[in-house]
Asker: 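Let me give you the structure first, and then I'll get to my questions.
Quick note on labels: first sequence line is chain A, next is B, and so on, each numbered from 1.
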Protein chains: 2
Amino acid sequence: MLTNYSLVFQESNRQKSIVAAIKHAESLCMAENQNFTALRRLVFEIIWENSVPLGAYEVKGILSRKTNKSVDPPTVYRAIEFLMGLGLVTKISSLNAFIGCPFPSSTRSNFFMICNECKRVAEVSSSEIDNEIKSIAGKLSFASERQQIEIFGTCISCKTDK
Amino acid sequence: MLTNYSLVFQESNRQKSIVAAIKHAESLCMAENQNFTALRRLVFEIIWENSVPLGAYEVKGILSRKTNKSVDPPTVYRAIEFLMGLGLVTKISSLNAFIGCPFPSSTRSNFFMICNECKRVAEVSSSEIDNEIKSIAGKLSFASERQQIEIFGTCISCKTDK
DNA sequence: TCTTATAATGTTATATTATAACATATTAAT
DNA sequence: ATTAATATGTTATAATATAACATTATAAGA
Ligand SMILES: [Zn+2]
Ligand SMILES: [Zn+2]
Ligand SMILES: [Zn+2]
Ligand SMILES: [Zn+2]
């Protein structure tokens with residue numbers, strides 16, 4: 001089980017992981033012959049700096065403030081699309097919002113635990129669930145390609161806060 | 001494993017199941033002291049008649065044609081919200097579209113297999129996956145409440161069609 | 001180095017999805 | 001009948017996302 005749960009829900013200092021994430025993004029782009037431009041890097045950082053998924057227009061606002069100029073939607077959506085293509089960012093469909101992927105090179109399922117209270121999202125990668133899905137798909141002759149699993153509930157810190 | 005897979009991906013005559021679904025919706029509303037009004041019934045039928053999830057504005061269009069009068073968005077969204085509240089209809093978040101739930105009284109997970117080719121959606125309810133999710137959530141002290149699992153791929157009929 | 005091709009970004013306009021707020025009508029309860 | 005509750009009608013607008021085309025930056029070939 002691969003998880004960034006403690007990072008998201010318990011640790012305070014995320015800075016280290018962000019630096020590592022940027023390094024990883026850079027080398028991934030290098031390897032894929034893709035350009036990690038200033039704009040893409042900025043959007044990556046904005047999304048990564050938040051443990052809460054951001055909507056595209058929130059990213060737009062932050063980007064605008066950071067660069068001191070107005071930003072139009074396509075600018076943001078294109079950068080996000082690029083980052084999603086590399087698996088560096090994932091969309092949480094039920095929130096229309098985007099979150100950094102902590103282990104983009106994993107081929108396993110995206111599996112998000114979303115706290116209804118604090119809105120933070122942790123990603124878990126479970127081979128057991130993966131295998132179970134494959135098994136069911138196999139029985140039904142469904143060729144699965146991609147899956148998105150969103151679990152809503154209450155995280156440990158919000159539970160104990162009450 | 002509860003599934004409407006063969007219904008969705010293989011059978012041709014869905015009429016029988018729709019009639020049963022309406023019966024079920026009626027008695028559920030009765031039990032919950034909710035009003036299964038003409039409008040709600042129409043929206044329910046429209047969504048149920050399709051094995052493909054419909055967007056709210058598609059429902060709006062069909063509803064408008066069926067009733068020969070113009071329909072405004074809130075009308076549709078309110079009916080859908082009502083049906084979702086009873087578990088009769090589910091939103092496929094990644095498609096912004098709605099589909100009838102074949103076993104609304106099941107307390108288990110929604111688990112959708114979405115064919116990228118024909119867009120049809122089958123629902124599977126697996127206690128194995130449910131338990132695995134509960135187990136992981138337990139380990140992480142995450143109190144899960146609701147989950148949405150969307151598997152994208154190719155269904156058997158689209159696979160053999162090629 | 002100049003030219004050309006490719007990739008990335010800027011810009012304007014618009015499409016799509018969803019909700020807020022308030023008015024009216026229908027139904028149920030007193 | 002009157003009141004309260006529920007449901008629907010209506011208008012306006014918010015929020016999310018993309019299409020289409022112009023411009024700029026970067027890389028590759030001559
Ligand atoms: Zn991921
Ligand atoms: Zn929380
Ligand atoms: Zn269901
Ligand atoms: Zn298919």
Asker: Please figure out whether P74(A) or E58(A) has its closest DNA chain D nucleotide nearer the 5' end.
Answerer: E58(A)
Asker: Check this one for me: any side-chain N or O of K60(A) less than 4.0 Å away from OP1 or OP2 of dT16(D)?
Answerer: no
Asker: Taking only side-chain nitrogens and oxygens of T75(A), does any of them come within less than 4.0 Å of OP1 or OP2 of dT11(C)?
Answerer: no
Asker: Would the base of dA17(D) count as contacting Y57(A) through its side chain, where contact means a donor and an acceptor less than 3.5 Å apart?
Answerer: yes
Asker: Answer whether the closest heavy-atom distance between the side chains of I22(A) and F44(A) falls below 4.5 Å.
Answerer: yes
Asker: Between R146(B) and E150(A), does any NZ, NE, NH1 or NH2 come within less than 4.0 Å of an OD or OE carboxylate oxygen?
Answerer: no
Asker: By the 4.0 Å heavy-atom rule, please label R78(A) as base, sugar-phosphate, or nothing.
Answerer: base
Asker: Rounded off to whole Å, could you give me the OH-to-P distance for the Y77(A) and dA15(C) pair?
Answerer: 16 Å
Asker: Could you check whether N96(A) gets within reach of a base, just the sugar-phosphate, or nothing at all, counting any heavy atom under 4.0 Å?
Answerer: sugar-phosphate
Asker: Does N33(B) or D72(B) map to a spot on DNA chain D nearer the 5' end, using the closest nucleotide for each?
Answerer: N33(B)
Asker: Quick check: do K60(B) and T75(B) have side-chain heavy atoms less than 4.5 Å from each other?
Answerer: no
Asker: OP1 or OP2 of dT8(D) versus the side-chain N and O atoms of K69(B): is any pair under 4.0 Å?
Answerer: no
Asker: Please report the interatomic distance CD1(I46(B)) to CZ(R65(B)), rounded to the nearest 0.5 Å.
Answerer: 9.0 Å
